[in-house]
There are 2 protein chains.
Amino acid sequence: MGIENTKSPPDQTKERLLKTAESLFATKGYYAVSVREITQAAECNLAAVNYHFGNKQNLYLAVFRHCFIPRGKKIHRCFTNAMAPLDSPSTADIIKALAGAFLEGPITEKERFHHSQLISREMAAPTAAFNILMEQAFRPLFNDLLNYLRTALPEIKNEEMMLLNIFSIFSMILHFSFARPLISSITGQNYDKDFKTKLINHITDFALHGLYGRRGFNAPRTQGPE
Amino acid sequence: MGIENTKSPPDQTKERLLKTAESLFATKGYYAVSVREITQAAECNLAAVNYHFGNKQNLYLAVFRHCFIPRGKKIHRCFTNAMAPLDSPSTADIIKALAGAFLEGPITEKERFHHSQLISREMAAPTAAFNILMEQAFRPLFNDLLNYLRTALPEIKNEEMMLLNIFSIFSMILHFSFARPLISSITGQNYDKDFKTKLINHITDFALHGLYGRRGFNAPRTQGPE
DNA sequence: GTCTATAGCAGGATAGAC
DNA sequence: GTCTATCCTGCTATAGAC
């Protein structure tokens with residue numbers, strides 16, 4: 001009597017569904033995943049998806065709203081936190097902070113994988129989630145980045161050139177994040193902590209100096225000098 | 001009598017199926033496309049897919065073998081043709097030739113779209129087509145590029161650093177090719193001939209000098225000097 | 001809020017006429 | 001080589017018991 005709801009696990013199922021759905025949608029894509037597969041993996045009933053989210057599409061959108069966006073904000077915060085203590089951040093500081101936030105930020109490897117997969121899927125074939133992603137995750141970060149870079153590089157007056165620069169930086173970060181199968185297959189490298197540090201240094205160096213400029217003040221020396 | 005096969009349109013249907021299938025697979029992804037949709041768009045019978053290719057999966061693989069790979073070879077040839085007349089190509093020559101081959105190469109805009117979509121889909125979730133793509137398209141081009149760069153940049157002895165450089169260049173080219181919706185949405189630019197020339201110059205400049213190095217000897221001057 | 005059962009339909013694939 | 005007709009599986013979604 002009166003103990004109808006113990007309140008301890010209020011909507012555990014809903015949470016579990018979101019996590020499971022994100023993992024499957026990210027790995028295999030929306031159409032390749034069935035509601036059956038999700039509910040089985042989440043160890044709940046087939047009808048649970050419809051009960052909690054209405055239908056499959058809403059579950060997909062909920063994944064973005066409740067998993068992707070918060071994680072994007074975490075990454076964003078990681079970036080701004082790295083920038084905050086710096087007085088007049090150099091271009092190197094900015095790029096390093098950005099690459100660091102994405103590649104070593106405060107999320108698990110699995111989450112990082114989900115994040116980049118979902119982004120690349122939405123870029124290849126935008127759905128209703130694309131707008132959520134753009135407005136609530138990409139654009140805010142993009143604007144912050146733009147402001148930092150404008151301060152650090154006041155000589156670049158051409159707005160368009162600045163945008164292209166930012167896209168180039170993003171392209172490297174995204175690519176090293178989501179082309180893992182390809183990169184691992186060619187380099188034979190695992191994405192361990194060491195390799196990721198190398199990547200961040202490489203991205204910073206490349207973005208600062210390109211192929212030419214004397215390299216190595218940031219790059220780890222993997223071979224003895226000379 | 002004796003005119004059993006006029007030979008004029010021998011397997012028109014098969015060709016049409018391949019073209020249509022590539023377009024749909026590239027745009028929407030394998031699972032999002034049904035055989036019914038393909039055959040309707042190709043204006044042929046539902047059973048044609050199974051007759052000509054056995055099943056849906058084989059059709060997908062056939063798209064790679066008969067559409068993607070030949071196009072990849074065209075792009076590759078475009079790159080090597082641009083390199084051939086050069087005596088001792090500089091890094092700038094190499095990058096410009098590569099970016100040019102991908103972004104302005106001898107294929108239609110639609111084909112370029114299909115190409116980058118299929119690549120990014122296979123990178124996000126590799127299927128049996130991934131190996132075809134890697135072995136018959138990516139690796140050969142990658143090796144040529146590696147050799148050219150080794151000659152142009154003999155001072156980079158660290159093999160791993162060289163690989164990371166190549167991936168960075170590819171990342172930009174791919175990104176500017178397949179993130180069109182995002183880039184157009186932010187810059188407001190159409191991918192017309194003019195913008196693409198700008199992109200190639202930007203990629204070359206960025207890969208050569210990064211954000212810093214004095215810019216503009218390659219970049220078009222869209223604003224008056226000063 | 002969770003479950004079973006099932007409606008209703010779209011999917012891939014095949015058999016067999018032409 | 002092309003078509004129609006059809007099988008059957010697996011899908012989303014819902015109704016209704018608990």
Side-chain angles (χ1 to χ4, degrees), chain A residues 1-64 66 121 125 127-129, chain B residues 1-64 66 121 125 127-129:
Chain A
M1 55 184 68
I3 321 186
E4 305 96 38
N5 48 2
T6 54
K7 269 270 174 118
S8 27
D11 259 353
Q12 236 186 346
T13 308
K14 203 168 170 177
E15 274 316 299
R16 231 170 37 241
L17 271 174
L18 279 170
K19 301 279 178 209
T20 315
E22 170 169 52
S23 178
L24 287 167
F25 284 145
T27 325
K28 310 169 88 180
Y30 182 81
Y31 291 101
V33 177
S34 68
V35 175
R36 280 173 163 79
E37 190 177 356
I38 297 169
T39 51
Q40 271 164 33
E43 287 174 314
C44 69
N45 191 269
L46 170 63
V49 162
N50 292 71
Y51 177 76
H52 286 287
F53 302 95
N55 56 34
K56 185 186 174 184
Q57 243 224 70
N58 279 340
L59 171 57
Y60 182 72
L61 292 178
V63 162
F64 274 82
H66 296 106
R121 288 187 187 287
T127 71
Chain B
M1 55 184 67
I3 321 186
E4 303 97 40
N5 48 2
T6 54
K7 269 271 175 116
S8 26
D11 259 354
Q12 237 186 347
T13 308
K14 204 168 169 177
E15 274 316 299
R16 231 171 38 240
L17 270 175
L18 279 170
K19 301 279 178 208
T20 315
E22 170 169 53
S23 178
L24 287 167
F25 284 145
T27 324
K28 311 169 90 180
Y30 182 81
Y31 291 101
V33 177
S34 69
V35 174
R36 282 175 162 79
E37 189 178 356
I38 296 169
T39 51
Q40 270 163 36
E43 287 175 313
C44 68
N45 192 269
L46 170 62
V49 162
N50 292 73
Y51 177 78
H52 286 286
F53 302 96
N55 56 34
K56 185 185 175 186
Q57 242 224 71
N58 279 340
L59 171 58
Y60 183 71
L61 292 178
V63 162
F64 274 81
H66 296 105
R121 287 187 188 287
T127 70

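Throughout, protein chains are lettered first and strands after them, A, B, ... in sequence-line order, and every chain is numbered starting at 1. Note that these values count all heavy atoms, side chains included, but never hydrogens, waters or copies made by symmetry.
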| query | Once you round to the nearest 0.5 Å, how far does OG1 of A:T13 lie from CG of A:L18? | reply | 11.0 Å
| request: List in numerical order all residues of residues 22-34 of chain A for which some heavy atom is under 4.0 Å away from an atom belonging to DNA chain C. | output: none
| request: Round to a whole Å and report the spacing from CD of A:E15 to P of C:dT2. | output: 12 Å
| Which residue pairs satisfy the side chain to side chain donor-acceptor pair (under 3.5 Å) criterion with at least one member in residues 47-61 of chain A, sequence neighbours excluded? | A:Y60-A:E122
| task | Could you tell me whether the phosphate oxygens of C:dT2, OP1 or OP2, come under 4.0 Å of any side-chain nitrogen or oxygen in A:T13? | result | yes
| Counting only N and O atoms by type, is there a donor-acceptor contact under 3.5 Å from the side chain of A:R16 to the main-chain atoms of A:T39? | no
| request: Using a cut-off of strictly less than 4.0 Å, decide whether A:N45 has a side-chain nitrogen or oxygen near OP1 or OP2 of C:dG1. | output: no
| query | A:L46 has an atom CG; how far is it from atom P of C:dA7, in whole Å? | reply | 15 Å
| query | Can you tell me how far P of C:dT2 sits from NZ of A:K14, to the nearest Å? | reply | 11 Å
| request: Provide, to the nearest angstrom, the distance between the CG atom belonging to A:L17 and the C1' atom belonging to C:dC3. | output: 14 Å
| Partner residues of A:T20 under the side chain to side chain contact (heavy atoms under 4.5 Å, CB included) criterion, sequence neighbours left out | A:L24, A:A41, A:A42
| note | From CD1 of A:I38 across to C1' of D:dA13 the rounded distance in Å is 14 Å
| task | For A:E37, enumerate each residue passing the side chain to side chain donor-acceptor pair (under 3.5 Å) test, keeping only those at least two apart in sequence or located in another chain. | result | A:K28
| request: Would you mind listing every salt bridge (Lys or Arg N to Asp or Glu O under 4.0 Å) that reaches into residues 40-54 of chain A, with sequence neighbours excluded? | output: none
| query | Using a heavy-atom distance cut-off of less than 4.0 Å, which residues of residues 47-61 of chain B contact DNA chain D? | reply | B:A47, B:Y51, B:H52
| query | Rounded to the nearest 0.5 Å, how far does OG1 of B:T27 lie from CD of B:E22? | reply | 9.0 Å
| said: Nearest 0.5 angstrom please: B:I38 CD1 to B:K19 NZ, how far? | reply: 15.0 Å
